[in-house]
Protein chains: 2
Amino acid sequence: MNNTEKARSQMRKGVLEYCILSIIKNNEAYASDILDRLKEAELIVVEGTLYPLLTRLKNDGLLNYRWEESTSGPPRKYYGLTDEGQDFLKELDTAWTELVAAVARTTSSK
Amino acid sequence: MNNTEKARSQMRKGVLEYCILSIIKNNEAYASDILDRLKEAELIVVEGTLYPLLTRLKNDGLLNYRWEESTSGPPRKYYGLTDEGQDFLKELDTAWTELVAAVARTTSSK
DNA sequence: CCCAGTACTTGGCAATGCAAGGTATCATCA
DNA sequence: TGATGATACCTTGCATTGCCAAGTACTGGG
């Protein structure tokens, strides 16, 4: 992995949680859904990254899930935001907005 | 540290290198300068984070430095960007812009 | 009954910010 | 002259967290 790729994944790291919660806020979703959405947005993530993250968010009380049968394979875990998750997402919104502003200040200073 | 603070520092993490290189690009600077600038931009960073990072960037050939005497204390290490550092910073610019766009896509999808 | 497709899980690794503590230099002032 | 405080630089150990790779389990078709 070269430096640029490293920097990119480092940047991605910071916003993954935020993006995943945002995606789930809009629609209940199971892991493969989420992976697809992230891929559409060009935020590549692999299974081994996503599943543990979903579990962590659930353990933190930000997500819950229900099982749903599938016609094409094993049942799926559909994740949704808890009330706490909604609140947390709002804070992340703020944090992200502020960060973008802070970076802009830094990179444009004379 | 609560969840929000954790998330904030996680987000910050990804852009620190970028911000520091940007600051140095604009003016040669020594560590305390950089800390002040980051603070102005509301990107709080502590010494123990900055020094190892500067050393790493130097070892990667992105920064160089010269010693300069000070009238008020020990000599200072003034850091500047190498050519390679300039190139790398351009790539980070692109990476950051793309990330902001990707996050926007994710958080606004219906 | 095996195989391919879909989902979910787990263990070890590497990167990196952070907290806390340490060393060195210089000016001031009793 | 030697104690003090401010400035500056550096190091160590820790915790978090994404990544990679391999593994388990359920389903339907040939």
Side-chain angles (χ1 to χ4, degrees), chain A residues 1-21 28-36 38-39 43-60 62-63 65-79 92 95 99, chain B residues 1-21 28-39 43-60 62-63 65-79 92 99:
Chain A
M1 218 187 213
N2 69 29
N3 277 337
T4 305
E5 285 169 45
K6 252 194 270 178
R8 276 177 190 269
S9 60
Q10 201 58 40
M11 286 182 178
R12 202 163 41 228
K13 212 164 166 171
V15 296
L16 245 192
E17 254 187 48
Y18 175 42
C19 291
I20 290 170
L21 290 175
E28 276 196 333
Y30 69 105
S32 300
D33 273 346
I34 299 174
L35 287 174
D36 287 345
L38 288 172
K39 200 170 183 180
L43 271 171
I44 307 306
V45 170
V46 294
E47 279 193 326
T49 297
L50 183 60
Y51 283 103
L53 181 49
L54 289 173
T55 303
R56 201 183 78 233
L57 293 172
K58 191 209 62 186
N59 291 338
D60 286 350
L62 305 175
L63 294 181
Y65 66 83
R66 59 184 172 76
W67 286 101
E68 183 164 309
E69 295 301 315
S70 163
T71 58
S72 61
R76 301 165 175 174
K77 270 187 181 175
Y78 275 83
Y79 285 90
L92 288 183
L99 182 69
Chain B
M1 217 186 215
N2 68 31
N3 276 337
T4 305
E5 287 168 45
K6 252 193 270 179
R8 277 178 189 269
S9 60
Q10 201 57 40
M11 286 181 177
R12 207 163 35 229
K13 212 165 167 170
V15 296
L16 245 192
E17 253 186 48
Y18 175 41
C19 291
I20 290 170
L21 291 175
E28 275 195 335
Y30 69 103
S32 300
D33 272 346
I34 298 174
L35 288 174
D36 287 345
R37 305 266 191 87
L38 289 171
K39 200 169 184 181
L43 269 172
I44 307 306
V45 170
V46 294
E47 280 193 326
T49 298
L50 184 60
Y51 283 103
L53 182 49
L54 289 173
T55 302
R56 200 182 81 234
L57 293 172
K58 191 210 62 184
N59 290 340
D60 286 350
L62 305 175
L63 294 181
Y65 66 82
R66 60 183 172 77
W67 285 101
E68 186 168 308
E69 294 301 315
S70 161
T71 58
S72 63
R76 300 165 175 173
K77 266 188 182 175
Y78 275 84
Y79 285 90
L92 288 184
L99 182 68

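Given the structure is predicted, the values throughout are model-derived calculations rather than measurements. Letters A, B, ... are given to chains in the order of the sequence lines, protein chains preceding strands, and every chain is numbered from 1.
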Practice item. Please report, rounded to the nearest Å, how far the P atom of D:dC9 is from the NZ atom of B:Lys58. Key: 13 Å

Practice item. Quickly work out the B:Glu5 CD to D:dA15 P distance and round it to whole Å. Key: 18 Å

Review point. Would you say a side-chain N or O of B:Thr49 is under 4.0 Å from OP1 or OP2 of C:dC18?
Key: yes

Exercise for review: Would you kindly give the CD-to-C1' distance between A:Glu47 and D:dT17, to the nearest whole Å?
Suggested key: 18 Å

Practice item. Find the distance B:Leu54:CG to D:dC9:P and express it as a whole number of Å. Key: 9 Å

Point to revise | Closest to side chain of A:Trp67, choosing from C:dC8, D:dC19, C:dG17 | key: C:dC8

Check your understanding: Between B:Lys77 and B:Glu68, does at least one N-O distance fall below 4.0 Å, as a salt bridge requires?
Key -> no

Practice item. Would you kindly compare A:Gly48 and A:Ser70 by the position of their nearest DNA chain C nucleotide and give the one closer to the 5′ end? Key: A:Ser70

Review point. Is the side chain of A:Thr49 donor-acceptor paired with the backbone N or O of A:Val45 at a distance under 3.5 Å, no angle test?
Key: no

Exercise for review: Could you please name the option among D:dC10, C:dC18, C:dC8 that lies closest to any side-chain atom of B:Tyr79?
Suggested key: D:dC10

Point to revise | Sugar-phosphate, base or nothing in reach of A:Pro52, heavy atoms under 4.0 Å | key: base

Check your understanding: Between atom OH in A:Tyr51 and atom C1' in D:dG23, what is the gap in whole Å?
Key -> 14 Å

Check your understanding: So, is B:Arg12 close to the C:dT16 phosphate, meaning a side-chain N or O under 4.0 Å from OP1 or OP2?
Key -> no

Point to revise | Nearest-Å distance for atom pair CE/C1', residues B:Met11 and D:dG18 | key: 15 Å

Review point. Expressed in angstrom and rounded to an integer, what is the separation of A:Arg76 atom CZ from D:dT27 atom P?
Key: 13 Å

Check your understanding: Where the side chain of B:Lys13 is defined as all heavy atoms beyond and including C-beta, which of C:dG17, D:dC20, C:dA7 is the nearest nucleotide?
Key -> C:dG17

Exercise for review: Among C:dA7, C:dC18, D:dA8, find the nucleotide with the atom closest to the side chain of A:Pro74.
Suggested key: C:dA7

Revision key, fill the gap. Between B:Glu47 and B:Pro52 the two heavy atoms that sit nearest each other are O-CD, 4.1 Å

Exercise for review: Evaluate the criterion ring pair (Phe, Tyr, Trp, His ring centres under 6.0 Å) for residue pair A:Tyr65 and A:Tyr78; output intermediate values, then yes/no.
Suggested key: CA-CA 5 Å; A:Tyr65 66 83; A:Tyr78 275 83; over 10 Å; no

Point to revise | From C:dC8, C:dT25, C:dA15, nucleotide with atom closest to B:Pro75 side chain | key: C:dT25

Review point. Heavy atoms under 4.0 Å, any strand shown: does B:Thr71 hit a base, just sugar-phosphate, or nothing?
Key: sugar-phosphate

Point to revise | Heavy-atom pair with the smallest gap, counting every atom of A:Ile44 and A:Lys39 | key: CD1-CG, 3.8 Å

Study note, to complete from the structure: Which of D:dT27, C:dT16, D:dC19 is nearest the side chain of A:Ser9? It is D:dC19

Review point. Under 4.0 Å between a side-chain N/O of A:Arg56 and OP1 or OP2 of D:dG18, yes or no?
Key: yes

Check your understanding: Separation of B:Leu38 atom CG from C:dG17 atom P, in whole Å?
Key -> 12 Å

Exercise for review: Check whether any side-chain nitrogen or oxygen of A:Lys77 sits under 4.0 Å from OP1 or OP2 of C:dT9, and answer yes or no.
Suggested key: yes

Review point. Given C:dG17, D:dT17, D:dT27, which nucleotide is nearest the side-chain atoms of B:Gln10?
Key: D:dT17

Check your understanding: Hey, are B:Glu17 and B:Arg56 close enough for a salt bridge, meaning a charged N less than 4.0 Å from a carboxylate O?
Key -> yes

Check your understanding: Can you tell me if the side-chain N/O atoms of B:Ser72 get under 4.0 Å from OP1 or OP2 in D:dT7?
Key -> no

